[in-house]
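All remarks here apply to the structure that follows.
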Amino acid sequence: MKNNTLTNKKLVSALMIGISAMMTLQSPVTAYASGPSEELPDNTGPEPNTETQAESVDTYEPVTSEAQSQAETAQEAISGSQEQAPSAEGQQEADVVADGAAKDAQQAADLILQGSEEMGIPAASSSEEGTKVNAQIQNMIEAAEAIVNDGPQEDGSVAPSAVSDFTEAATKVAEVKDDLSQAETANKEVEASYTQVQEESKEITDSASEMIKTADGMKQDTENADTKAAELVEKVQNATNEEDAQKAYNDLEKLVSDMESDLAAKKALYDRMVSDYEKAVEKLNQAQAALDAAEERFDGKVSDAVQGTITAQASVAEAQRKVDNLAEALDKVEDKLSDENEANNLAKLRGNKEWEGKIGGIDKNRVIMHEVVANYYIPQVLGLDIILDEVDYTRDFKPVSGAEGQEYNYHEFNFKYKDKDGNIHEATRYFNWDSLTKLNLSALNLNNTAGVVVFEKTEDEIEADKKVKEYYKGQSILNNNNKKTAYNQGKFDVFVYTDDTGQKNYLIRDEIENPQDASKFSYGDDGTPLSYDGHELTMVVQNQNNLLHDGNCLIVASEKNIVKYTTHDTDVRNKVIWNNGQPRLSADKVDEIIENSRALNNFIAQNSVAKNPNTAALMNIYAKYKNATIEAKGAAAQATEEVNKLADAIDTIKEQSKNKKSRMAVDVLGVSDIATHLGITVSAEEATRLNGMTMSELVNELNGLKAQADEKAAAAQAKATELQNKLDNAAGVLENTIARLNPGSGGGGAVLDDGAGNLPGGSSGGGAAEASAAVRPGGIIATVSGGVALENDAAGGTNGVALENNASGGTNGVALENNAAGAGFGDVVEIGEEEVALSDGITDQSAEVDSRPTIQAQQNIVKADTEKIVTIEEEQTALSATVDSGTLPIKKNWFWLIVIAVLGSTGEMLYKRHMERKEEKLRKEDDEWGD
């Protein structure tokens with residue numbers, strides 16, 4: 001709750017309405033109000049109370065904290081702190097950064113351009129001897145310079161280095177973080193301003209609701225009082241006895257007095273509501289302006305953050321491109337060095353005469369197969385970056401004797417290779433070789449020197465060999481004397497099918513010809529098995545890739561022999577490729593075999609270094625360059641990723657910022673129906689119209705209702721003035737009525753005796769006192785000239801007034817019923833609304849009528865409300881007392897206690913003035929009686 005004092009609109013209204021219901025109060029009441037002595041904050045002001053502030057702090061949810069954290073992460077990944085480092089000879093000064101991608105990029109470039117004496121690594125040079133890769137090395141050096149040196153462009157501009165790009169990106173990210181921080185501050189202001197908008201809007205509607213209700217009450221009360229007053233005036237005028245006339249007049253006087261007091265209190269409440277309303281409207285306008293400004297600042301800073309991030313993304317992407325260029329240039333150098341090294345290895349094996357004298361026999365041909373596979377087939381055909389310096393041909397090439405002993409034989413090759421990111425993997429491949437002149441199992445020609453055919457064995461072939469060995473394990477069929485026959489008879493034939501799970505399964509021919517469940521197999525007309533359990537069966541062909549079958553192979557031979565045995569009329573061509581005059585391999589396939597085989601020889605010729613190769617040493621140096629570059633490349637990619645994440649985080653904030661704080665009145669006030677909230681009754685259409693208003697539009701609507709309320713309040717005040725006039729006129733009506741009812745009184749005043757007991761209409765009137773009764777608000781003032789006694793209970797006098805001649809005491813001897821003595825002539829007695837002693841003094845005729853504050857004066861007193869704490873103590877009262885020492889005893893009046901409790905010092909001021917008037921009258925009476 002914003003308001004914790006009696007300025008709460010509904011509480012004040014409820015107290016005003018409940019005054020008549022409060023009948024008892026046993027202890028002092030403390031009411032909160034403001035006074036000159038104590039400055040308390042205006043409860044309608046813009047600052048929320050401590051409770052609200054604490055709640056706001058506790059419930060506030062930051063909107064940029066994640067993005068700010070990501071900005072820090074991105075900045076760390078890039079690194080923006082710099083210091084100048086000495087440059088190498090011929091190199092521009094380079095920025096040395098503390099950490100992150102910039103540091104890794106600079107270190108990689110510096111290692112290439114400057115080398116490292118500590119690590120024993122020389123700088124790269126494009127003038128190396130014993131190698132053919134100097135052109136690629138020069139490209140790499142230029143890529144390294146682009147990492148650390150800003151360079152001139154053709155258009156005269158300067159191209160920033162990768163380090164400069166990283167620095168620019170880091171600077172922008174730092175600015176973005178600052179923008180986000182300021183956006184967060186602005187968003188806090190948005191929340192605070194919106195909270196104030198809500199509070200002031202609630203204050204406006206509460207004040208307006210009570211203002212309208214109070215104005216309606218004022219108007220209704222005065223109209224009701226006017227109606228009642230007319231009735232009472234009529235009663236005064238038409239009374240049949242003086243007592244009824246006096247009672248009607250007293251009721252009228254009390255009606256007007258009560259109305260005046262009630263109107264003064266309500267007018268004070270109304271004025272306070274108007275003041276609160278107008279202050280709240282002003283503060284709402286300020287809060288809405290602050291809200292608009294804060295949202296604009298928030299949007300501006302988020303927009304700045306977006307633009308800054310875009311710039312950072314561009315800079316870090318450019319830096320990464322340059323790092324990637326360096327890595328790519330280095331890869332080309334390493335690839336070229338690897339080719340050169342592999343070609344050098346093969347060149348040694350080949351000799352200077354294109355394999356002459358190097359081919360022929362199992363041992364030579366196996367070495368050729370191993371070298372060609374490791375130095376050419378794996379890296380060039382399969383494209384795997386094999387790690388040659390870890391290859392042990394004896395260990396890594398494992399010959400396996402197959403079930404048949406020739407066709408089923410193979411070499412298992414286990415090796416390691418690097419992927420494009422430098423990660424090391426292990427792999428296994430299977431290979432075999434044939435003599436170029438092999439025709440069949442009976443004509444292997446293993447010692448022929450024409451050439452060697454190298455090919456890869458398939459996974460199915462290896463599994464088929466395992467299947468045969470497992471199926472016939474321990475049987476004589478696998479003995480050397482029997483296995484060739486068994487192979488020729490097809491007993492080693494293996495078929496493969498793929499089941500529903502994608503798993504390959506292998507069946508040997510004997511399982512197919514002698515099945516446990518023949519219904520699962522299907523066969524061709526020639527008895528060839530076609531399927532098993534609905535899955536196609538395929539026979540596994542051993543050495544499937546050699547020249548006798550599919551021809552997916554390399555011919556290691558001289559150019560002359562490659563052409564001779566594939567295109568000329570030879571036994572190989574006639575029996576292998578053509579197969580007795582029938583083309584088994586297509587012309588295109590033959591051309592492919594020739595091209596692939598020539599490529600091997602061309603590779604050796606183009607990449608090998610004939611004299612004093614320096615390839616191996618360079619490969620070792622560049623491998624260290626590569627390690628540093630891989631780190632730089634990874635760090636650059638990470639920096640780019642972090643900046644992209646930052647951009648995503650800011651985009652999220654930007655999207656969320658589109659959902660502005662609602663200005664709709666129902667949302668601001670947190671209600672579903674405006675009319676219900678205001679406590680007014682409207683049509684459904686009007687309710688819909690009100691619910692569709694913004695808060696500003698609703699304030700304009702309330703201003704119109706306020707104008708109507710002002711008119712009602714003014715009408716109430718005008719009606720109160722009319723009532724006062726009626727009361728004033730009623731005094732004359734009462735006097736006329738009394739005169740009408742007492743035609744022999746002469747002056748229409750009170751009936752007095754002459755001091756000797758002679759009453760009018762009775763014995764002689766000699767010596768009768770001159771008397772008259774003047775009527776005025778507050779009661780009847782009886783003025784007496786001569787020695788008389790006035791008593792409350794008339795005994796035999798007209799209009800209930802009796803005189804006695806036994807008064808004693810003063811010079812002219814006035815006696816009161818309560819035996820008060822010593823009172824002089826001329827004292828004024830006012831019988832008002834309060835309970836007083838049963839008889840008072842007597843005034844002389846010339847006493848002035850007392851002047852009570854006017855309605856406007858009372859309202860002005862009420863408006864002078866300055867807040868302070870007022871403690872209402874129980875007054876000393878006497879239920880029955882004599883008039884003593886000028887003190888007017890009174891009974892506790894609940895009306896004044898409630899007015900003070902509700903209106904604070906305003907009520908206290910009204911009460912104080914009321915008592916001052918009473919005391920003034922008492923002093924005046926004392927003075928007059930003393931005279």
Side-chain angles (χ1 to χ4, degrees), residues 2-3 5-22 31-33 42-44 200-227 255-281 674-682 698-699 701-723 855-865 867 895 898-907 909-910:
K2 179 187 174 193
N3 298 320
T5 71
L6 288 179
T7 55
N8 181 283
K9 306 300 178 295
K10 294 188 181 297
L11 178 57
V12 171
S13 178
L15 285 172
M16 290 298 296
I17 293 171
I19 284 175
S20 62
M22 297 182 63
Y32 292 86
D42 186 347
N43 288 309
T44 62
E200 299 305 335
S201 297
K202 184 69 165 56
E203 180 77 8
I204 287 171
T205 54
D206 285 353
S207 298
S209 177
E210 295 306 320
M211 178 176 62
I212 293 168
K213 186 192 306 181
T214 302
D216 288 342
M218 292 168 63
K219 186 173 183 293
Q220 186 63 49
D221 288 350
T222 53
E223 289 175 350
N224 292 341
D226 186 56
T227 301
L255 173 68
V256 174
S257 177
D258 289 347
M259 181 274 299
E260 289 175 349
S261 298
D262 183 60
L263 183 62
K266 288 186 177 179
K267 183 60 167 63
L269 175 61
Y270 180 80
D271 289 343
R272 180 60 183 268
M273 296 302 105
V274 169
S275 175
D276 289 351
Y277 174 84
E278 291 173 347
K279 288 179 181 178
V281 168
I674 296 297
T676 301
H677 178 67
L678 291 174
I680 59 177
T681 302
V682 298
L698 181 59
V699 169
E701 189 77 12
L702 292 176
N703 287 338
L705 296 179
K706 175 183 174 297
Q708 296 176 18
D710 288 341
E711 292 177 359
K712 291 178 182 179
Q717 288 183 285
K719 185 63 69 176
T721 300
E722 292 177 10
L723 282 171
I855 295 173
Q856 186 60 46
Q858 293 187 49
Q859 292 170 355
N860 289 339
I861 293 170
V862 173
K863 287 179 68 175
D865 184 12
E867 302 214 344
F895 174 80
I898 299 306
V899 168
I900 294 172
V902 173
L903 300 179
S905 63
T906 297
M909 192 175 302
L910 287 173

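A quick note: this is a predicted structure, and the numbers were derived from the prediction, not measured.
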Would K706 and M211 count as a side-chain contact (heavy atoms from CB on, under 4.5 Å) here? Give the steps.
CA-CA 8 Å; K706 175 183 174 297; M211 178 176 62; 3.7 Å; yes
Considering residues at least two apart in sequence or located in another chain, which fulfil the side chain to side chain donor-acceptor pair (under 3.5 Å) criterion with E278?
none
Of the options I680, V682, L698, which is the one that meets I674 in a side chain to side chain contact (heavy atoms under 4.5 Å, CB included)?
L698
Between Q220 and D216, does a side chain to side chain donor-acceptor pair (under 3.5 Å) hold up when you go through it step by step?
CA-CA 6 Å; Q220 186 63 49; D216 288 342; over 6 Å; no
For T205, the side chain to side chain donor-acceptor pair (under 3.5 Å) test, sequence neighbours excluded, returns H677
Nearest heavy atoms of A215 and A709, plus distance in Å:
CB-O, 3.5 Å
As an exercise, state the distance from CD of E203 to CD of E200, rounded to the nearest 0.5 Å.
6.5 Å
Working to the nearest 0.5 Å, report the span between CG of L705 and NZ of K712.
8.5 Å
Would you give the length of the straight line joining atom NZ of K267 to atom OG1 of T214, rounded to the nearest 0.5 angstrom?
11.0 Å
Sorted by chain and residue number, the salt bridge (charged side-chain N to carboxylate O under 4.0 Å, His left out) partners of E711 (sequence neighbours excluded) come out as none
Minimum heavy-atom separation for A720 and L263, please, with both atom names.
CB-CD2, 3.4 Å
CG (L702) and CD (Q708) are apart, to the nearest 0.5 Å, by 11.0 Å
For a quick test of reading the model, state the closest non-hydrogen atom pair linking V256 to L723 and the distance between them.
CG2-O, 4.0 Å
Checking D221 now: which residues fulfil salt bridge (charged side-chain N to carboxylate O under 4.0 Å, His left out) with it, not counting sequence neighbours?
K266
Applying salt bridge (charged side-chain N to carboxylate O under 4.0 Å, His left out) to K719 and not counting sequence neighbours gives D226, E722
The reported gap from CD1 in I212 to OH in Y277 (rounded to nearest 0.5 angstrom) is 8.5 Å
Work out which heavy atom in S207 is nearest to a heavy atom in D276; give both atom names and the distance.
OG-CB, 3.5 Å
Does any part of the side chain of Y270, heavy atoms only, come nearer than 4.5 Å to the side chain of D710, both counted from C-beta?
yes
Could you work out, with side chain to side chain donor-acceptor pair (under 3.5 Å) as the rule, every residue matching E223, not counting sequence neighbours?
K219
